Each structure stands twice: as C-alpha cells, then as structure tokens.
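As the structure is a prediction and not an experimental result, all values here were calculated from the model. Numbers here simply count residues along the sequence, with the first being 1.
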Amino acid sequence: MPCIYLPVGFLSHCMDSIFAPKSSSISSLSSSALLSRFLEASSSRKLSSLTFIGSRPFRSSSYSTTVAMASNDVSKPKIITGDFGYVLEDVPHFTDYIPDLSTYSNPLQDNPAFSVVKQYFVHVDDSVPQKIVVHKDSPRGIHFRRAGPRQKVYFDSDEVHACIVTCGGLCPGLNTVIREIVYSLYHMYGVTTVLGIDGGYRGFYARNTIALTPKVVNDIHKRGGTILGTTRGGHDTSKIVDSIQDRGINQVYIIGGDGTQKGASVIFEEIRRRGLKVVVAGSPKTIDNDIPVIDKSFGFDTAVEEAQRAINAAHVEAESVENGIGLVKLMGRYSGFIAMHATLASRDVDCCLIPESPFYLDGKGGLFEYVEKQLKENGHMVIVIAEGAGQELLSESMQSRNQQDASGNKLLQDVGLWISQGIKDYFSRQKTMAINLKYIDPTYMIRAVPSNASDNVYCTLLAQSAVHGAMAGYTGFTSGLVNGRQTYIPFYRIIEKQNKVVITDRMWARLLSSTNQPSFMSDKDVIEDKTECISGEKKVEGPATQFLDNGNYADGVLENKEVSSV
C-alpha cells in the first residue's frame with residue numbers, strides 16, 4: 001500500500017498551488033477540511049494512505065490557518081488514512097526515530113501454551129474502530145491499533161531491563177497489573193530483570209527499587225493497594241529520564257490515572273528527544289472512570305460493587321426508622337460514573353447527584369422539596385451523591401476552594417456533610433416532621449480493596465497487552481479496551497480531556513426512570529448541555545439531536561461513545 005509521511009504544515013503551504021482551484025483560498029479552512037481537500041485531490045494520484053505528523057502550530061504569512069507541523073521537540077502523532085473514510089490514530093514505534101534496529105523472532109512461537117492457538121499473532125493491519133454504531137453512509141471513522149503479540153520483536157529477552165511504577169491514588173487492581181506484567185515478561189518472553197520503582201515518580205530519582213520476580217508477586221493480587229507504594233506529584237522529567245538512562249532501563253510501565261498518563265507522555269517525549277531505545281507504556285487506572293476513549297478503566301467494576309455495600313447499609317438504616325434518610329457520598333471528583341452505576345445496580349436509591357448534573361436546594365422543584373415529598377410518600381429515602389457534585393453551591397469563603405493537591409486536582413469540600421446539615425436545617429425550619437439522617441462516607445474503603453473477578457481478568461489483559469506492545473517496539477501508548485477489544489492508544493488521546501457522564505444520554509435517562517427523581521434542570525440547562533455535546537468537550541458524532549416537546553431527548557438519539565451507552 002503506497003504511503004507517504006507528510007507534515008501538515010507542508011500540506012497547508014502547498015494546497016493552493018497544488019490542489020486548490022485558482023479561484024479559491026484555503027485561508028479560512030480548518031486543518032480537517034485541508035486534509036479532506038488533500039485526500040480528494042490525491043485520490044487521482046493513486047495515493048491510498050497518508051500519514052501526517054506533528055502537533056506544533058505552523059503559521060504562514062500567506063495563510064491564517066493554524067495547522068500542525070513536525071518538530072523535534074514534540075511528539076509526532078501518526079494519522080494513517082485509507083479508503084471509505086478510514087482513519088488510524090497510530091502509536092509511535094521505535095522505527096519512527098531510531099534507524100536500523102535488529103528484530104528477533106517472537107519467543108511465543110515456541111511457547112507450548114500458545115503454540116496451539118490458531119493465528120495467535122496479530123496481523124500488522126488489524127485495528128479496532130472507536131465507533132461501532134454507524135449509519136449506512138457513515139465513513140469507517142477513527143480506529144486504533146489492535147493490541148497483541150507480533151511475529152517480530154525488537155528486544156532480545158536477555159537485554160530487557162524493565163521497571164514498573166504506580167502513581168496517584170489507590171485503585172483496586174494495581175497489584176494485579178503489577179503481577180501480570182512481571183509474569184508476562186518472565187513466562188512469555190523470558191525476561192528476568194524487572195524492577196519496581198518505590199513511591200511513584202519520585203522513586204525514580206530517589207533510587208528506590210524493588211526486585212520483582214514471579215515468586216515476589218505471586219499472591220499480591222489478593223491484596224488491596226500497591227506493593228510498590230505511590231505518591232502524588234514528584235514529576236521531574238529530566239531526573240526521571242536520567243535515572244532510566246543510568247540504570248539501563250529500556251521498558252517503563254507506568255500505571256496511573258489521567259495525571260499520571262500526562263506525566264508518562266512527557267517522559268516519552270524526553271526519551272524520544274534523546275533518541276533512546278526505551279519503551280514507555282501506560283495502563284489506565286482510576287476508579288472514577290474518567291479516562292476518555294476506553295470502555296472503562298480497571299478498578300471501576302470493583303468500586304461500583306463495593307459502593308453497593310454502603311448503599312445497602314444506608315437503605316437498611318433509612319427504612320428501619322420513621323422518616324429515615326440514608327445519605328451516601330461516593331468518589332467522583334469530576335465524573336459521576338460510580339454514583340450513576342451504583343445507583344442503577346442498587347435500585348434502592350431515590351436520588352443520585354453527580355457533578356455533571358446541576359441541582360438546586362430551595363424552592364419549588366428543589367432538592368429539599370423532593371426529599372420532603374419522598375418522606376411523606378414512602379417514610380424513608382436514600383440519597384447518593386458524588387464528591388464533586390454541588391461544589392458550586394458551597395460557600396465562597398471556604399478556605400480550600402481554590403487549593404490543589406500535589407497532582408493538580410482541586411481540593412473539594414465535603415459536600416456530603418454540607419448536604420446533610422442543609423437537609424437537617426431545612427426540616428428544622430419547616431417543623432413539619434422529625435427526620436433521622438445517617439451519613440455514610442465509604443470513599444477510601446471502596447478503593448483500598450482487592451479487585452473483583454471482573455477487574456482481575458481485565459487487569460490481566462491490560463498487562464499482557466502492554467508487554468506485547470513493548471516487545472514489538474511500540475511506545476508512547478496506553479493499553480485499553482475499546483469496544484471490547486484490547487488496543488494501543490496514543491497518549492495524546494488519553495490526556496486530551498476527561499470522560500464525563502452525558503446527562504442527555506440514555507444511560508442517565510435510565511437512572512432517572514429508576515429513581516423517579518426530578519432532573520433538577522431547567523430548559524436552559526438542557527439547551528446549554530446540548531450545545532456542549534455538539535460543539536464543546538462532549539462533542540458527539542452522529543445525526544442532529546432530536547428534542548421532545550418537554551425538552552428531553554427523543555429515544556436517546558444523542559449518544560456519546562465515552563459513556564458506553566447500550
């Protein structure tokens with residue numbers, strides 16, 4: 001298949017003279033429009049594949065369009081296009097910046113455990129679509145490289161010196177990923193030198209290491225937390241890469257959330273700049289499930305399952321007394337996925353509040369009025385609230401309002417305590433009924449437990465996929481599940497935004513129908529959210545959104561891949 005690699009800056013500079021009609025100008029065209037024009041014109045030249053690279057702005061005095069340009073100081077995203085609107089957002093490979101590398105036969109071909117598997121090696125052209133719900137005239141759309149072992153590898157087993165680091169907050173499954181990376185390197189590829197970096201990113205230059213062998217990690221998946229320890233912050237790119245270079249490490253496995261993956265991306269950039277043959281591979285970790293593109297992050301299923309215990313306890317407390325209220329605060333700084341899924345799974349929840357859905361307290365249609373109505377009708381109720389919900393309603397005088405932790409996350413006030421006190425004060429003023437409110441905060445309990453069976457399987461697949469990709473010479477990627485298939489996703493897609501619940505999606509509608517709670521949204525709120533979904537961070541591909549007369553979406557026409565609506 002003919003293929004060229006072309007800086008997009010060159011594309012914009014040459015479009016007028018090569019492809020654009022003499023009567024037209026490209027000064028107002030977007031980079032995507034430029035690409036479309038180029039592909040259309042190039043089809044007559046029998047160009048079946050195009051790759052453009054770079055992310056540094058290129059400005060020409062002749063054109064106002066800002067597009068990407070290759071640079072030695074930034075990564076070089078590889079976009080490969082094909083017939084019928086096929087787009088592959090590929091991941092970096094050693095051969096992109098290191099010439100004349102030796103290759104070796106994959107040791108798995110002689111491994112008795114895998115030799116019986118038909119077509120075990122992944123074909124070089126295998127890819128996974130990001131969007132699987134399409135129309136008959138839809139283009140094939142964006143794809144990611146399928147994960148798995150390749151027939152050729154770029155490391156001899158004896159030369160591999162791997163390291164593993166865990167960063168950020170705790171999450172169920174961390175130890176499972178560590179274990180499976182070690183086991184995969186040892187038993188699949190014969191790698192015997194694996195180090196654990198103690199204490200997150202800071203451990204690289206503090207020179208804290210733990211020798212990891214199958215015997216050391218054998219039972220760690222049965223424990224919560226991480227045997228390597230973890231910290232927030234401590235990212236010093238030069239010191240980290242210097243340490244990697246000094247130790248002779250050539251495979252770096254980084255396990256963490258969106259902030260950690262941003263750090264991994266910077267480390268990869270510096271390694272590429274130095275021309276080192278070092279893989280940087282990430283595994284997406286966050287119980288909030290706020291990492292984009294992937295179906296879910298590991299630990300999420302376990303977190304939802306553990307949240308059930310708190311909700312069940314709150315329900316028992318509430319229904320056992322007169323006018324009982326059980327209030328449960330769950331994790332979810334910016335995204336309410338745990339609260340939403342735990343509520344749907346429980347069926348005992350009467351109200352779920354998440355950061356993405358605005359609500360108000362007093363007045364007609366407010367939260368307090370709804371609580372009073374539920375108590376009069378049912379005699380008890382259960383409320384689930386995500387930690388990031390309602391933060392805008394808290395007092396402006398809160399001291400930590402604009403403070404951040406070491407990872408750059410905003411420090412939040414305890415909205416659970418605040419809502420609890422607000423409900424008590426409301427009924428104290430009303431003097432219509434005496435309430436009995438129990439507040440349960442299982443925040444750190446649900447993230448400190450071992451992963452459940454579902455997450456254990458997922459962690460195994462993530463770890464093995466990362467090892468297969470590293471041995472095959474891929475780098476600067478995160479392994480993740482996309483539409484049920486393991487893929488390699490470039491860092492820039494993982495860190496470009498946060499995944500959030502779309503409250504105009506069918507999944508949120510299912511929750512509202514389960515709890516029978518009001519949406520607490522005005523028509524203005526719905527219209528604003530719809531605008532965000534179409535033109536902002538929550539951009540949705542597909543047909544125009546259809547509204548019912550009451551402002552709701554018709555039959556869930558608006559879908560967002562990141563929410564994984566089914």
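Between S297 atom OG and D290 atom CG the span is 7.0 Å, to the nearest 0.5 Å. Summarising the geometry, atom OG1 belonging to T286 is positioned 7.0 Å from atom CG belonging to D258; distances are rounded to the nearest 0.5 Å. Distance NE2/H143 to CG/L88: 8.5 Å, rounded to 0.5 Å. Atom OG1 of T515 sits about 12.0 Å away from atom CE of M340, to the nearest 0.5 Å.
Applying the side-chain contact (heavy atoms from CB on, under 4.5 Å) rule to P284 yields the partners I291, I294, L462, T478; only residues at least two apart in sequence or on another chain are considered. Contacts of Y253 classified as ring-ring contact (aromatic ring centres under 6.0 Å, His included), with partners at least two apart in sequence or in another chain: none. Residues passing the ring-ring contact (aromatic ring centres under 6.0 Å, His included) test with Y488 are Y474, F477, sequence neighbours excluded.
Taking the side chain as every heavy atom from C-beta outward, M381 and C351 approach each other to under 4.5 Å. Annotation: side chain of L228 is in contact with side chain of I178 (closest heavy-atom distance under 4.5 Å). Looking at heavy atoms from C-beta onward, D441 lies out of side-chain contact with L417 at the 4.5 angstrom threshold. Between V280 and F491, some side-chain heavy-atom pair lies under the 4.5 Å cut-off. Using a 4.5 Å heavy-atom threshold, the side chains of V349 and I311 count as touching. By the 4.5 Å heavy-atom criterion applied to side chains, D455 and F300 are not counted as neighbours.
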Could you walk me through whether Q517 and L511 pass the side-chain contact (heavy atoms from CB on, under 4.5 Å) check?
CA-CA 9 Å; Q517 71 187 65; L511 180 140; 3.9 Å; yes

Could you walk me through whether H235 and I267 pass the side-chain contact (heavy atoms from CB on, under 4.5 Å) check?
CA-CA 9 Å; H235 190 283; I267 291 171; 3.6 Å; yes

What do the steps show when you test E89 against I79 for side-chain contact (heavy atoms from CB on, under 4.5 Å), and what is the final call?
CA-CA 5 Å; E89 296 201 14; I79 310 297; 3.9 Å; yes

For L344 and M507: C-alpha separation, side-chain torsions, deciding distance, then whether side-chain contact (heavy atoms from CB on, under 4.5 Å) applies.
CA-CA 9 Å; L344 277 169; M507 200 66 172; 3.8 Å; yes

What do the steps show when you test Y458 against F298 for ring pair (Phe, Tyr, Trp, His ring centres under 6.0 Å), and what is the final call?
CA-CA 7 Å; Y458 186 27; F298 75 82; 7.2 Å; no

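Under 3.5 Å, the side chains of Y334 and E356 contain no donor-acceptor pair of N or O atoms. A donor and an acceptor atom, one from each side chain of S335 and D288, are nowhere located under 3.5 Å apart.
Between the side chain of S428 and the backbone N or O of K424, no donor-acceptor pair lies under 3.5 Å. Proximity of a side-chain donor or acceptor of S346 to a complementary backbone N or O of D348 within less than 3.5 Å is detected. Under the 3.5 Å distance criterion, the side-chain polar atoms of T166 are left unmatched by any main-chain donor or acceptor of T230.
Residue I255 comes nearest to I164 through the heavy atom pair CD1-CG2, 3.8 Å, listed as atom of the first residue, atom of the second, then distance. Here the shortest heavy-atom pairing between P442 and K329 reads CD-O, 3.1 Å. For the residue pair C167 and G200, the shortest heavy atom distance occurs at SG-CA, 3.9 Å.
For the pairing with L330, the side-chain contact (heavy atoms from CB on, under 4.5 Å) check across I338, I287, I354 returns one residue only, I338. Put simply, the residue from L393, L353, I385 that forms a side-chain contact (heavy atoms from CB on, under 4.5 Å) with V415 is I385.
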